[in-house]
Amino acid sequence: MIAGPTAPTDPLAAGGAARGPLGRRRVARIRVVSRPERLAIGTVAIVAMLVFWQFAADEHWINPLAASSPSAIWHAAGSLISTGVLGKAVAETAGLFGVGFGFSLLVGLGVGIVVGWNPRVDAAVDPFVSILYAAPRIALTPLITVWVGIGFTAQVVIVFLTAVFPIIINVAAGVRTLDRNCFNVARSFLGTNIDVLRTVALPGAVPSIISGVRQGLAQALIGVVVAEYFVGQNGVGGLIVASGFTLNTANAFVGVFVFAGASLVLTGILKAFAQRADRWRI
Amino acid sequence: MAEPAAREASAREPGIRAAGEDGAAPSLLRVEQLSKSFSRRSGRETRTVAVLEDVWLSLRPGELLTVIGPSGCGKSTLLGCVAGLLGYDSGTIVVNGRPVEGPGADRAVVFQHASLLPWRTVRRNVEYGLELERRIPRERRPALAAEAIALVGLGGSEDLYPHELSGGMQQRVNLARALATRPELLLMDEPFGALDALTREAMQDELCALTSRTGVATLFITHDIDEALLLGDRVAMMSARPGRIAGMIDVPFDRPRSRDVTEKQEFRELAQLLRHSLRPAATSPGEPPGAAGVTGVGLAGPGRDEDRR
Ligand SMILES: Nc1ncnc2c1ncn2[C@@H]1O[C@H](COP(=O)(O)OP(=O)(O)OP(=O)(O)O)[C@@H](O)[C@H]1O
Ligand SMILES: [Mg+2]
């Protein structure tokens, strides 16, 4: 390769314009953006948005009382943390999320496996699960407060109901799709039903289980917000509602960002976990 | 031919081998009058399709019997019945004096598709049969698996996952998984059908050597005429609709064989004969109904009734 500066370049290899009977045209190419480049573009976009937001608020293009501003939110966060208000709220919310999502996980995995494995149980349970999965379960909130009051239990029930059904549905679907060939291999080696479940059905269901947990996670966060908005008004959700009532939009934004951050962290953890469980697939 | 198998069997776990074979002919596998039909619902009525009808087969210890027939004639069904994976309507299947009522540790299947568990390494896939059968204590499994892996020439690949293997290597794992359980009867369903020609030839050569070495009796299904003749001590020809054994050929070459036999005049003539017999025109349409089930149909030469009843 001793191509000098004047060496003719191949127009196709260069990915540029090709001249042909149809004239000059840009032929489609696969566009690749490297990871650092993606990160840089994303950071610039975020910073630009924050700067514009701050500038618009300072110049009163937008009502700072309603729209707040990055600096106001920053200061609000500082005082919420130093007074311990945010810490208490986050602890309450984390407790609710932990208990509610924990129950959903336990019940969702258990019921999902049984439903996916046993066709009779499936036939009995499927109508309920399908209806409840399709229905906006948040609509049940008033009924739940009638049944279990407005305490922590009611909040847990709300979180549980929002999160459990996507988990059940996905886990059951994963267990149900049993690889026929592998099933026969297990049978030929005298495998029992439990053997098949343990060595074929469950490992094969891992991708569905993970996608169920991911959906359940997102739903559980929505459940937590709803439960804290309408029942008890505590935790980060309660903080947002109270701040809204008093027109303290900066505090409300702090709460929203806390939820957004928590969601990002939790999905990140799940993603790392999924990659570990899937390393045989690559 | 029977000696290595007998030695092999007595060296195995005690109690697996049934004592006396009935009669003078010691057959490891006897299939008699086997019939099987599938019923298919189409709309309101149920139609029954006879897939196997009056099938007779026998297999001596250490023997390799190839079964050849046109696609859809019921080869896999026959193998499934012998493996105990499929039920059958009538007839008897006896392995080592015991009637087949379901899958058993005396048989192992090498499936048409490798059907490996993708989340298990080669080693753990080969241990799978030992693990499910629960006859061998856990701590002895790795040794048996390693032996089977070495036997199929996969040493060094123990820690790879199936997606990291070529098709040929996957079939080797499939074979090793069956061999690891030390079956008395190996059931192979077109195991090399999906491989490229070169890999297939290599696998055939290895199977030739391997079965001679271990002395395991093998029922080998194929639709490749050369493969049937190269591997088999005998070749059973199946006809379609309903599937039955239309003829039996004794392959007159000693085992272990090398691939050179395929060049021999006698081999080519047998292949030619098989090819003619398997042509649909040569067997099915003109054939009078009620022709004897086992005797060679449309076969001039070596085809003959093999099953001693
Ligand atoms: N589960 C089933 N239900 C209904 N019919 C079936 C079933 N399994 C097989 N058959 C029918 O039985 C016949 C024989 O099938 P089988 O799989 O045994 O053929 P084969 O000889 O193995 O063919 P190939 O060489 O293509 O593998 C086919 O006509 C098929 O349609
Ligand atoms: Mg088949």
Side-chain angles (χ1 to χ4, degrees), chain A residues 105 109 112-113 116-120 123 167 170-214 269-282, chain B residues 76 79-87 100-122 124-136 141 159-165 170 173-175 177-183 185-189:
Chain A
L105 216 51
L109 285 173
I113 289 169
W117 188 241
N118 189 322
R120 292 213 169 81
I167 303 180
N170 282 283
V171 171
V175 174
R176 220 178 270 135
T177 54
L178 178 68
D179 185 299
R180 282 270 130 208
N181 292 323
C182 292
F183 175 65
N184 268 331
V185 172
R187 256 162 50 84
S188 80
F189 289 123
L190 306 169
T192 61
N193 268 330
I194 295 297
D195 287 331
V196 175
L197 178 65
R198 189 173 53 83
T199 61
V200 184
L202 281 183
V206 163
S208 310
I209 292 174
I210 283 171
S211 104
V213 172
R214 183 174 301 142
I269 291 172
L270 189 64
K271 211 168 172 179
F273 189 76
Q275 267 167 8
R276 271 195 53 121
D278 248 8
R279 73 189 174 285
W280 50 268
R281 209 191 294 273
I282 317 287
Chain B
S76 295
L79 187 118
C81 290
V82 174
L85 293 170
L86 290 174
V100 166
E101 278 150 8
D106 47 2
R107 289 149 283 151
V109 188
V110 179
F111 289 86
Q112 197 162 359
H113 310 282
S115 309
L116 306 177
L117 296 175
W119 43 83
R120 284 181 176 230
T121 58
V122 167
R124 300 252 302 128
N125 262 296
V126 173
E127 284 178 15
Y128 188 58
L130 300 168
E131 184 185 318
L132 291 196
E133 285 185 2
R134 297 187 183 85
R135 289 182 304 143
I136 311 279
R141 288 178 205 155
D159 293 316
L160 298 182
Y161 285 93
H163 75 96
E164 296 169 302
L165 305 177
Q170 294 189 7
V173 180
N174 190 3
L175 179 57
R177 177 175 62 189
L179 289 172
T181 63
R182 303 278 182 97
L185 178 57
L186 198 56
L187 305 170
M188 305 182 77
D189 189 359

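Protein chains get the first letters and strands the later ones, always in sequence-line order, with residue 1 at the start of each. Because the structure is a prediction, the values reported are computed rather than measured.
- By the 4.5 Å heavy-atom criterion applied to side chains, B:H113 and A:V185 are not counted as neighbours.
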Quick one: side chains of residues 201-214 of chain A, donor-acceptor pairs under 3.5 Å with protein atoms, not counting sequence neighbours, listed by atom name and distance.
unit_1: A:S211; atom_1: OG; unit_2: A:N170; atom_2: OD1; d: 3.4

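- In this structure, CG in A:N184 is found 5.0 Å from CG in B:L85, a value given to the nearest 0.5 Å.
- Heavy-atom pairs under 4.5 Å with chain A were tallied for B:G104, B:A108, B:A83; the largest tally goes to B:G104.
- Not counting sequence neighbours, B:D189 has no partner by the salt bridge (charged side-chain N to carboxylate O under 4.0 Å, His left out) test.
- When all heavy atoms are compared, the tightest approach of B:S115 to A:C182 is O-SG, 4.0 Å.
- Looking at B:A105, the atoms closer than 4.5 Å to chain A (heavy atoms on both sides) sit in the backbone and in the side chain alike.
- Proximity of A:L190 to B:R134: side-chain heavy atoms (C-beta onward) are nowhere separated by under 4.5 Å.
- Taking every heavy atom of both residues into account, B:E133 and A:F189 meet most closely at CG-O, 3.4 Å.
- Between B:Y128 and A:T199, the shortest heavy-atom distance links the atoms OH-OG1, 2.6 Å.
- Of the two parts of B:L116, only the backbone, made up of N, CA, C and O, holds a non-hydrogen atom closer than 4.5 Å to a non-hydrogen atom of chain A.
- In this structure, B:V109 and A:S188 approach most closely via the heavy-atom pair CG2-CB, 4.0 Å.
- To the nearest 0.5 Å, atoms CG (A:N181) and CG (B:L117) are separated by 11.0 Å.
- With a threshold of 4.5 angstrom between heavy atoms, B:E131 approaches chain A through side-chain atoms but not through N, CA, C or O.
- Heavy atoms only, all atoms of each residue included: B:G84 and A:R187 are closest at O-NH2, 4.5 Å.
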